[in-house]
J.: 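Have a look at this one before I ask anything.
Throughout, a chain's letter reflects where its sequence line sits, starting with A, and its residues are numbered from 1.
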Amino acid sequence: MTTIRSTLTLLLIAIAMIVGHVHAQPQGDPDAEAFRSAFLAGDLSWDAVLERAAAEGEVVWAHWGGSETLNTWIDTVVRPALAEYGVTLRTSRLTNTRDAVDLVLAEAAAGRGVGQGSIDAIWINGENFFTLSSQGLNFGSFADLVPNSQYFHFDTSNPASGPNLFDFGYPTNREEIPWSGDQYMCAIDTARLERSEAPADFAELEAWLRENPGRFTYVRPPQYNGNTFVQTVLYAHNPDGDGYVSFQNAADALGVDEFIRITQPGYEYLQRIEPFLLGGGGSDGMRGSPIYPEDQNGLEALFVNGEIDMACQFGMYNTAVSIETGRFAETAENVIFPAQGMIKNKNFIGVPINAPNPAAAMVLANVLASPENQISKLGTIGYVLGIDADLLTAEQQAEIDAVAPSLVGITYDELGAVTVPDTNASLVDVIEGTWTAFIERRSGSFEDSVRAAFADR
Amino acid sequence: MTELRLAALVKEFDDFTAVDHIDLTVAPGSLVALLGPSGCGKTTTLRMVAGLEHPTAGDVLFDGESVVGVPTERRNIGMVFQRYVLFPHMNVAKNVSFGLRMRRVSATEIERKVAEVLEVVQLQDLARRFPSQLSGGQQQRVAIARTVITDPRVLLMDEPLSNLDAKLREEMRAFITRLQRQLGITTLFVTHDQVEAIELADRIGVMFDGRLVQFGTPEEIFNRPRTKRVADFMGTNNLIPGRLDVQRDASTLVSVAGPLQCASGAHHVSGEDAIATVRPEHIDIGTPNGPLQGPNRFTGRIDDAVYYGGTLTYRVVADGLSLQVRDRSTRRFAVGEEVTVHIDPSHLWVFPE
Amino acid sequence: MLATKPTAPRSGRSRRASWLQRLYVPLMLTPVLLTIGVLFFGALIVALLQSFGHAPIYGIEEFPTLRHYRNLFTLPGFWSSVGLTFYYALVPTVVGTILSIYLALMLRRRFRGKGLVQFVYKLPLMIPYLVGVALTIVLFGNGGIIARGMFALGVIESTRDFPRLIYSHAGWGIMIVYLWKQIPFTTLIVYSVLMGLGRESEEAAATLGAHRWQTFWHVTLPQIMPGIVSATVIVFAFNFGSFEVPFILGGGFPNTLPVEAWRAFEDADYSNRLRAMAIVMFIGVLSGAVLFTYLAAYRRFERLRGRQ
Amino acid sequence: MIARRRAGTTEIRRDDRDRLGPFGRFYVTFVVVAVVGPFIPLLIASFAFRWNWPDLLPSRWWWEARETARLPLGWDYVFSPVSRVLESAGNTVLIALLVTLLCTLISLPAARVLARERFRGKSFVEFFLLTPLIVPEIAVGLGILVTFIQLGLAGTFTGIILVHLIPTIPYMVRVLTSVFQGLSRDYEEQARVLGAGPLRTMWHVTLPMIMPGVIAGGLFAFLISSNIFLLTFFIGRGRIETLPTLLFSRVSGGGALDAVAAGVALIVCIPGIIMLVLTERFIKEEVFAKGFGG
């Protein structure tokens, strides 16, 4: 049997390869198509959705799977919560969210329409959402249609709606629903670096690095933790002095020349500190390229192993949770860095247009947005609320205050004073591309690097 | 010419003794064959002489000088292996010149000697051939040429003829004898074939279970085995058990068939259980009341007759004895016919049971 | 056998038999050829077409173009990548082969605990490269066990003083993993060839007056050469195309070619995937060319020596 | 005279030619230490709760922190279903078994023909079947990925099994070819003479005789399949994890002395150790090396 099936599959592959790449018009599954239009039009009761979800029976959720604590929380909280609705959770643990986006794009190109894909929900934000959105591959504006949407500000006139309606400056159009928040944070180990010695802004960082070469590095862009570091550098070195504000514009609105003008000082700073980063300074005979770890796990490993004294990454309560799980030394603390602006954003659950279990995906989005689960997530693994706390009851707010892990060494007020929003999604590719060309590869002048990155966008 | 001496040589492997106190001397320029069934330790002995095994105890001496501490490559020996072990990646010339090349002999000298040796073994036309392109006999000659080219002090041969067919074996036997005489190399030869040993060797050492049981000229071994096993191994089938009765210079073996006069046995003791042996070709056979005279005469009946290679071998049953008799004459006796057999006392060899 | 008996009633069957006989070889080979042909060469053809600009899936159709290759060859750091790839592939192959031959020769000897050694040395062969990577990180990182031991002994004062073995372009960590995994592999091959050869030809050489080194050089080595050649081919080809080891332990840009291909493929800009395909084709051709030259040179060498 | 006196003495000596010298002894010891030694810190790390620079041993052990922890730590995490270690181990074995079976079925006929028949294009076929050993996996992986996504094979067992055939078949064909070369035709011909048809000959004579070789080849294919990372990673798409891909996600950033990473790395070794014991039991080294051109 196996042989026969495999031979048939082989023949199929052979045909596909000979014919070239299949190009069919997306032709959806009529049933899924009907559900989609009815649901998006608001014609379906939530009970009808639940009923269909139970019939679908499962939901496939693709998310970044590099965190043990998050994986544990999902399996112990979300899975049983969905099981109550008769939906089995299947998670796809990604090393990179782009893999899920790729899959959706490839499926769409292969003509797999509504209801015929393989992923129901993606933990997504920023450029990945931007990619799906610009290709028209989102399921639709569902975010305000699930019952728990009551815990989000979606009112365009209310400035508090901003983080829910804009993702990296790009309108979400309610095609994704916030499920978590994040805050860029820097941790030090006070056993190695006194709090008073720790740099507080980029000028101090540079001075400190010249004194202590090799004691700092950042995650390699285009990994988002690395991008964010570069973004904060660019904010801080914005010659207009208005930091993040210029970066809220879309790439086209800003224009190449303006981008060059406002980012050049920042990139020059990055180039200046490169020889003083971990592994920089020509120590390995290959022109001394520094070590940029691949992701936050790699960065933390360097921090834990005593190779660097300060580690910056997303995770508002990461330090507290890491001390609790034994990863960080008990002497680890957070510091305010850089004083010019620490990026905070929300991240979302997106549903691709070809989700095979769209009703179950809605149920998943709703379950993730419930105050109960949101508070549990904050309390157990230190992930910031995706819902807006001011819409909760007083008891719930009190509970949040009670369970929230410590900021270890800093206060909410100090943090709130320096928090800034993320960059416009359309600029992220350009920032990455420029970093790769100008910092990593040193492939030409700054201007050429930026122009190439703009053109490749 | 070198004298090779083995002194109380012992080789123990983990759980058994392969060679058990062997003493043996190979006179300069002579050829000694170590004869014995497989597993008797003869190859191990040879390998100890070569330095491929280290003796557990005892000594190997070349001209009275111990070589036990000397590694194989510095003993200056030649060894012909059972499977020739020609180097498959070298042609005949390279194989033959190997020993000289290892000794860093000059190229012109190598060329001269290779040509010379190849002529001796009559392979001068095949110098560029590879071992896989040679017949068994040719490979054998290359193997010998390769060992003699360095003028070894001692030549060791490990069953060199066992992989050849009967005709070739005869040819090579003659060739080896000629070569050995011509070069006068002290040679130790291992074989399990008694004919080969008798034809080639000046002296034969018979080994069983790691021990040297008899050492002597082929004639001695052949006609006067010292034990039953040697006799058996040498192909003597007529073993007559009995009890000895020793008088001054002659002794009598009282066997089931009656008393037998034996020539030897002065060193034996009366009353001892002993076995007398006689080779089939040394028994005379004739018609009853024929011309056969003297002692040790029996009357018997032909039980079986086999014709083989110009001789007739009879099985004669006489007075409870079953004797094998080989007759080279042209007479024929029929099965069941009554005959007289006679054994000359000088051919009757006695050893203790 | 049927064909030799052309009796009348059997002629039908014999015709069928000969028809079957003619198809016997192709039929028996079909499954293998189909699988490798479709999956392996199919994949390569797709990669080849994409590298020449045929990629409708990304909405790119510029076939045929050499643009992606041209871009590749002018890419900053590309030739450094080629050099690094060769360096990481070649050094462990050569060093590992020498160490393996020595180990195989040692394993033929008698010593106490030989059974244990023969069991243990094969362990790395059985487990994924990634385990070797994990071990290397734990041991040789600048904050790893060895560095900590040296710190405790006062040899170094900080992680900075420890020589950088991983995450560096010198590639010590990468090559350590390769050696750790591949010495057992090459040793196994050389050892089994040695076992097949037996000791006799070496003993013969010794009786002919060859010293140990001469014996090895003139007798043993030439006879185990075919095994060594196939081992080095496989090892080099693997190292040349290896991804996960240099990806994790490498020193960053410039990366080895496979890591460059991966990065180009994972780039946000889909058109870079065509570059990834160009890199991948380049790796294949380069690796094939090197190994082909190597094998041809070896054959020529054997022929010069006269062996068929 | 001196020699003569020496001749009498009996001296116990060892075989120098066959014994290891001091350097050889050192080298062999080094090999054993280099193979086994690195696992010691890994084992310690797997039992650590907190092991920061510059501690030589963990400052706190897993069992000390286990009771108070709110989330499963170390081995608790490794063995909880959340970590998917057991699931991945199951996938690894399942995939490897199916690959072995399929690979054997596909390779057997070809090996028989390659060992016994002479035909035109034979050397081409042999070369054709060797190319997967020379061309890097990443080339195949990148080339095949998009097509597999289009066909819906990405993220499926079928897809992974199919790509695993690429690196296993060349080895399997080599091992089986040498097995058939070692099997004389006489036995099969004898069976035919005695009246067995081709199928019965295959079943009663050929198969039992080549079985040891087939098992060797099978163990091989199993070993290779269970060690493949890149192709599984590409085609599995995070939906089907095997032990190597699971370990990759733990160490890709440079996992350091993380207890879970160490635990996963140790678990990943288990199939290999079982294989080692099996091969040691059932396969002579010579057979084992055949597939590699030994």
J.: Report, as yes or no, whether the 6.0 Å neighbourhood of atom CZ on B:F16 holds more than 12 heavy atoms from other residues, nucleotides or ligands.
T.: yes

J.: Tell me the closest heavy-atom pair linking C:H218 and B:M90, and the distance in Å.
T.: O-CE, 3.3 Å

J.: Under the rule for side chain to side chain donor-acceptor pair (under 3.5 Å), what residues qualify as partners of B:N91, not counting sequence neighbours?
T.: none

J.: Pick whichever of B:F98, B:Y84, B:F87 has the most heavy-atom pairs under 4.5 Å with chain C.
T.: B:F87

J.: Using the side chain to side chain donor-acceptor pair (under 3.5 Å) criterion, which residues pair with C:S201? Sequence neighbours excluded.
T.: C:Q223

J.: Flag yes if more than 12 heavy atoms outside C:W217 fall under 6.0 Å of its CH2 atom; otherwise flag no.
T.: no

J.: If every non-hydrogen atom of C:A210 is compared with every non-hydrogen atom of B:E73, which pair is closest and at what distance?
T.: O-CB, 3.1 Å

J.: May I ask you to test the C:T207-B:L156 pair for a side-chain heavy-atom distance under 4.5 Å?
T.: no

J.: Count the heavy atoms belonging to other residues, nucleotides or ligands that lie under 6.0 Å from CZ of C:R108, then report whether that count exceeds 12.
T.: yes

J.: Return yes if some donor-acceptor pair links the side-chain N/O of C:E200 with the main-chain N/O of B:V85 below 3.5 Å, else return no.
T.: no

J.: Counting a contact as any heavy-atom pair under 4.5 Å apart, which residues of residues 103-117 of chain B contact chain C?
T.: B:R103, B:R104

J.: Counting C-beta onward and ignoring hydrogens, is there a side-chain heavy-atom pair between B:T72 and C:E203 closer than 4.5 Å?
T.: no

J.: Around atom CZ of B:R101, are there more than 12 heavy atoms from other residues, nucleotides or ligands closer than 6.0 Å?
T.: yes

J.: Please report the shortest heavy-atom distance between C:P222 and B:H89, naming the atom on each side.
T.: CB-CD2, 3.3 Å

J.: State whether the side chain of C:H211 and the backbone N or O of B:R74 hold a donor-acceptor pair below 3.5 Å, judged by distance alone.
T.: no

J.: Pull out the residues in residues 23-48 of chain B that come under 4.5 Å of chain C, heavy atom to heavy atom, sorted by number.
T.: B:R47

J.: Output, in order, the C-alpha distance, side-chain angles, deciding distance and verdict of side-chain contact (heavy atoms from CB on, under 4.5 Å) for B:M102 and C:L208.
T.: CA-CA 8 Å; B:M102 295 306 109; C:L208 292 169; 5.9 Å; no

